[in-house]
Each structure stands twice: as C-alpha cells, then as structure tokens.
Amino acid sequence: LSWLFPVLAILIKMESAGPVLFIQKRTGRGNKSFRCYKFRTMLVNKDADRKQATRDDTRITRIGSFLRKANLDEMPQFINVLFGEMSVVGPRPHMLLVDDFYKRKIGKYTIRSLVKPGITGLAQVNGLRGDTGDMNVEMKKRILADAFYVKNWSPILDLVIIVKTIYLVLAGDKKAY
C-alpha cells in the first residue's frame with residue numbers, strides 16, 4: 001500500500017494547513033519514549049498533547065474522520081516498526097500524559113512496558129478503544145487485555161489479532177472516531 005501514502009498526504013494537505021504527519025511522544029518498551037508517527041487527522045491545535053479525541057470532536061477534519069474510521073491514520077507507524085520502536089501487534093502506546101496518569105492509578109499498568117507497543121492490539125480488536133465515558137473503568141479493561149497479551153503471547157495470538165484487525169478495517173469499527 002505504499003502508493004497510498006502520497007495520495008493520503010495530498011488529501012491531508014488539500015484540506016487543511018499543517019504537516020502531513022502528526023508526531024507525538026509515546027512510551028515504548030522499557031518505558032523509553034519514542035516519536036510515534038500518524039497521519040494528521042485534526043486541525044493543528046494546542047491541545048494535541050493534552051486532550052484525546054472524542055466522538056464528534058470539532059478538531060477532526062473530514063479526511064481525518066475517514067482515516068480514523070478506516071484506521072489508515074496508523075499506517076505511518078510502520079515506520080516505527082522499521083525503526084524497532086514498535087511491533088505490528090502489542091499494547092497500543094498512549095500519549096505520555098495518559099501514561100503518567102494511569103501508572104499511578106492502575107497496578108498492572110506498567111506490564112505494558114515489557115513488550116514493544118503495537119500498531120494493533122488485543123484491547124483494540126475487542127472494542128476497548130477511544131473515549132467511552134468512564135475512562136477509569138475502560139482503562140482497567142484495556143490494561144487487563146494488555147496484561148493477558150503480555151503473559152500469553154504467541155504467534156497464533158498475534159495472527160488472531162491481525163485477522164480481527166483486518167476484519168474491523170473492512171467491516172468498520174463503531175468505536176473508531
């Protein structure tokens with residue numbers, strides 16, 4: 001799908017001013033931070049490192065909405081995979097502010113840092129993504145899924161997660177916004 005990168009870049013630039021890529025520090029394996037690449041899906045704004053996207057977020061552009069729903073905004077993270085900072089499957093990396101907040105609140109949170117973060121993960125393919133209301137409850141469910149993944153990793157588990165991810169991309173994920 002390398003041909004898709006320039007097409008999406010042109011569409012992003014045509015719709016709004018700013019860079020094509022959104023680059024944000026995230027926490028990876030061993031709690032080391034890295035620069036995570038995504039296609040920019042929002043208008044450039046000062047809250048990007050402090051406020052997560054919400055349903056009907058006015059910062060999200062039209063092309064950004066499409067990219068998010070199709071999970072195409074994550075494609076540049078394959079660059080992170082090439083750099084060895086991420087893997088295809090693993091716990092999804094959170095922005096630093098979210099990590100700092102939940103490390104103090106959820107006991108098993110740091111288990112995520114034992115493996116490389118992934119472009120897709122067990123929590124995401126099981127509907128545990130996005131802002132769903134009570135973030136404390138939802139984050140605990142995500143961390144349980146991440147802990148299960150870390151403790152039970154296998155090539156078969158990765159394959160199941162990849163197949164579920166492909167299904168969600170093709171069928172549409174109601175929690176992707």
If you look at every heavy atom in Ser113 and Gly28, which pair is closest and at what distance?
CB-O, 4.0 Å
Just grab all the salt bridge (Lys or Arg N to Asp or Glu O under 4.0 Å) pairs involving residues 145-160, residues at least two apart or on different chains.
Arg112-Asp146
Identify the heavy atoms of Leu21 and Pro76 that sit nearest to each other, and give their distance.
CD2-CG, 3.6 Å
Using the side-chain contact (heavy atoms from CB on, under 4.5 Å) criterion, which residues pair with Asn126? Sequence neighbours excluded.
Leu122, Lys164
Distance check, rounded to the nearest 0.5 Å: Thr110 atom OG1 versus Leu114 atom CG?
7.0 Å
Sequence-distant partners of Ile166, side-chain contact (heavy atoms from CB on, under 4.5 Å), two or more places apart:
Ile162, Leu170
Which residues share a side chain to side chain donor-acceptor pair (under 3.5 Å) with Thr165, sequence neighbours left out
Thr120
With clusters defined by side-chain heavy atoms of hydrophobic residues (ILVMFWY) lying less than 4.5 Å apart, directly or transitively, does Ile79 cluster with Met75?
yes
Test side-chain contact (heavy atoms from CB on, under 4.5 Å) applied to Glu74 - qualifying residues, sequence neighbours left out:
Lys38, Gln77, Arg92, Ile119
Where Leu72 and Leu4 come nearest, the two heavy atoms and their spacing
CD2-CD2, 4.2 Å
If you take all heavy atoms of Gly90 and Tyr149, which pair is closest and at what distance?
CA-CE2, 3.8 Å
Is a donor on one side and an acceptor on the other found under 3.5 Å between the side chain of Lys108 and the backbone of Leu144?
no
Got more than 12 heavy atoms from elsewhere within 6.0 Å of CD1, Ile156?
no
Flag side-chain contact, heavy atom, 4.5 Å: Trp153 against Val115:
no
Can you run down the salt bridge (Lys or Arg N to Asp or Glu O under 4.0 Å) pairs that involve residues 75-90, sequence neighbours left out, and say none if there aren't any?
none
Report yes if some heavy atom in the side chain of Tyr37 is under 4.5 Å from a heavy atom in the side chain of Phe83; otherwise report no.
yes
Mind checking whether Arg59 and Asp47 have side chains closer than 4.5 Å, heavy atoms only?
yes
same_hphob_cluster(Val89, Leu157) at 4.5 Å side-chain heavy-atom cutoff:
yes
Find the distance between CD1 (Ile60) and CG (Asn45) and round it off to the nearest 0.5 Å.
10.5 Å
Salt bridge (Lys or Arg N to Asp or Glu O under 4.0 Å) against Lys51, all qualifying residues, sequence neighbours excluded
none
Compile the donor-acceptor pairs under 3.5 Å between side chains in residues 95-107 and protein atoms, sequence neighbours left out, one pair per line.
residue, atom, partner, partner atom, Å
Asp99, OD1, Tyr109, OH, 2.2
Asp99, OD2, Thr27, OG1, 2.7
Lys103, NZ, Asn31, OD1, 3.4
Arg104, NE, Asp100, O, 3.2
Arg104, NH2, Asp100, O, 3.3

Using 0.5 Å steps for rounding, measure from the CD atom of Glu15 to the CD1 atom of Ile63.
6.5 Å
For Ala9, give me all partners under side-chain contact (heavy atoms from CB on, under 4.5 Å), at least two apart in sequence or on another chain.
Val20
Please determine whether residues Leu11 and Phe39 belong to a single hydrophobic cluster, defined as Ile, Leu, Val, Met, Phe, Trp and Tyr linked transitively by side-chain heavy-atom distances below 4.5 Å.
yes
Validation row: Pro93, Met86 side chains within 4.5 angstrom (heavy atoms):
yes
When every non-hydrogen atom of Val44 is compared with those of Gly18, the smallest separation belongs to CG2-CA, 3.9 Å
Taking a hydrophobic cluster as the set of Ile, Leu, Val, Met, Phe, Trp and Tyr residues connected by side-chain heavy atoms closer than 4.5 Å, whether directly or through intermediates, do Leu43 and Phe66 fall within one such cluster?
no
Do Phe148 and Val88 share a hydrophobic cluster, counting only Ile, Leu, Val, Met, Phe, Trp and Tyr and linking them when any side-chain heavy atoms are less than 4.5 Å apart?
yes
Could you list the cluster mates of Ile10? Members are the ILVMFWY residues connected by side-chain heavy atoms closer than 4.5 Å, either directly or through other members.
Met14
Those residues that, when tested against Arg35, pass side chain to side chain donor-acceptor pair (under 3.5 Å) (two or more places apart):
none
Mind listing the closest non-hydrogen atom pair of Asp49 and Phe22 along with its distance?
OD1-CZ, 4.4 Å
Measure the OG1-CZ distance between Thr41 and Arg68 for me, rounded to the nearest 0.5 Å.
3.5 Å
Test side chain to side chain donor-acceptor pair (under 3.5 Å) applied to Ser16 - qualifying residues, sequence neighbours left out
Arg40
